[in-house]
Amino acid sequence: QEWNINAHWTLFAGLRLDDSRLNAPFLAPRLAAVYQVSPKSSYKFLYGRAFRNPSTFERYWSPNPRIEAERIHSFEFVRERAISKRLSGAASVYYYRLGGLIEGVPVSEVVLQYRNVRDSRVAGLDLELKGHPAECLELGGSVSLQQARYRGGEKLPNSPDRMAQFRAAVPLFGDRFSLAMAARYLSARLTTVGMEAAGPVLADLTINANRLHPQLALHFGVRNLTDRRYHDPLSAEHAMPALRRAGRTAFVRLDWRPGE
């Protein structure tokens, strides 16, 4: 539901009810208040409540009839502004309160049972800038700072404290092709056994041919361009705490759109 309070304020509200045979009913409200300073500037105040039911694997790997849905309350403040005719920026501050996180708990030397074991809190800041500083150049970048902790203060596994992304794209040969470069950074992440997986800096390169044919698009790219060696933390049911990811990888994708 939407209510236009006046020329600047707009309120939004929604309510969703989920019910199923295996899970308790869950009522999920969504609320938003938007203050539109001008067509180029706004403030947003957001609240939501959501859930995640246990998967079939989590419910039945070692059967647990008492397992319940994870729950989250989210609070967010967003500031959006057009900095110039070609650039826009956004900043958001958020706080998430998560309850009943589902984790694997050892019940024998070889078996885990999934249970609602702990609550956690996440607080963070996101900054984003995007636009076309020049006619033939598209840029976008974001930086995120967050702190994800269990209620007792321990750090959550596989939760980086710092993240950054950057993307640039330029047209080639009169817009028949485009060249895009993307880079991303993750800070070190904790594994379930208390070790740290070093934070990677990764770069990708993509060339898109969008006008070879009205119904055909060709994409060629290289992921992990610098062949960086890195590991991603794994969850508790795996025998090893982290998985080594692929190095430099090339790909070709052909998209055919019949009927266009």
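- Side-chain atoms of Asn64 come within 3.5 Å of backbone atoms of Arg66 as a donor-acceptor pair (strictly under, hydrogens ignored).
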**Report entry** Steps toward salt bridge (Lys or Arg N to Asp or Glu O under 4.0 Å) verdict (Arg86, Glu135)
**Finding:** CA-CA 9 Å; Arg86 294 182 176 272; Glu135 191 68 33; 3.1 Å; yes
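- For the pair Glu196 (side chain) and Ala198 (backbone), a donor-acceptor distance under 3.5 Å is absent.
- Using a 4.0 Å cut-off between charged nitrogen and carboxylate oxygen, Asp255 and Arg253 count as a salt-bridge pair.
- For the residue pair Asn158/Arg189, the side-chain donor-acceptor check at 3.5 Å is satisfied.
- Side-chain polar atoms of Ser144 and Gln146 form no donor-acceptor pair below 3.5 angstrom.
- Proximity of Arg167 to Glu138: side-chain heavy atoms (C-beta onward) are separated by under 4.5 Å at one or more points.
- With respect to Arg118 and Glu154, a salt bridge is recorded, a charged nitrogen being found less than 4.0 Å from a carboxylate O.
- For the pair Glu58/Arg52, a side-chain contact is recorded, criterion being any heavy-atom separation below 4.5 Å from C-beta on.
- Without hydrogens or angle criteria, Glu70 side chain to Ile102 main chain gives a donor-acceptor distance under 3.5 Å.
- Side-chain contact annotation: Tyr95 with His73, donor-acceptor N/O pair under 3.5 Å absent.
- Grouping Ile, Leu, Val, Met, Phe, Trp and Tyr by side-chain contacts under 4.5 Å, direct or through others, puts Phe12 with Val34.
- Electrostatic pairing of Asp204 and Arg223 does not count as a salt bridge here, judged by no charged N lying under 4.0 Å from a carboxylate O.
- We find that Arg97 and Asp119 are not joined by a salt bridge, their nearest charged nitrogen and carboxylate oxygen being 4.0 Å or further apart.
- Using a 4.5 Å heavy-atom cutoff, the side chains of Leu31 and Leu46 are not in contact.
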Report task. Please assess Glu237 against Tyr114 for the test side chain to side chain donor-acceptor pair (under 3.5 Å), listing each intermediate value before the final yes or no. Result -> CA-CA 10 Å; Glu237 66 266 20; Tyr114 287 87; 2.7 Å; yes
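- A donor and an acceptor atom, one from each side chain of Arg79 and Tyr43, are located under 3.5 Å apart.
- Checked by atom type and distance alone, the side chain of Asn224 pairs as donor or acceptor with a backbone atom of Ala246 at under 3.5 Å.
- Atom CZ of Arg229 has more than 12 heavy atoms from other residues, nucleotides or ligands within 6.0 Å.
- Between Trp9 and Phe45, the ring planes lie parallel to each other; the angle is under 30°, not in the 30° to 60° tilted range.
- As a member of the Ile/Leu/Val/Met/Phe/Trp/Tyr network built from side-chain separations under 4.5 Å, Tyr60 groups with Leu22.
- The backbone N or O of Leu27 sits less than 3.5 Å from a side-chain atom of Arg49, completing a donor-acceptor pair.
- Of the charged side-chain nitrogens involved, none lies within less than 4.0 Å of a carboxylate oxygen, so that Arg21 and Asp19 do not count as a salt-bridged pair.
- For an aromatic pair to be called close, the ring centres must be under 6.0 Å apart, and Tyr94 with Tyr96 satisfies this.
- Between Gln215 and Trp256, the closest side-chain pair of non-hydrogen atoms falls below 4.5 Å.
- A donor atom on one side chain and an acceptor atom on the other are found under 3.5 Å apart for Asn208 and Ser178.
- The closest side-chain donor-acceptor pair between Arg115 and Gln113 falls under 3.5 angstrom.
- Looking only at side-chain heavy atoms (C-beta outward), Leu101 and Tyr150 come within less than 4.5 Å of each other.
- Two residues are said to be in side-chain contact when any heavy atoms from C-beta on lie closer than 4.5 Å; Ile5 and Leu11 meet this criterion.
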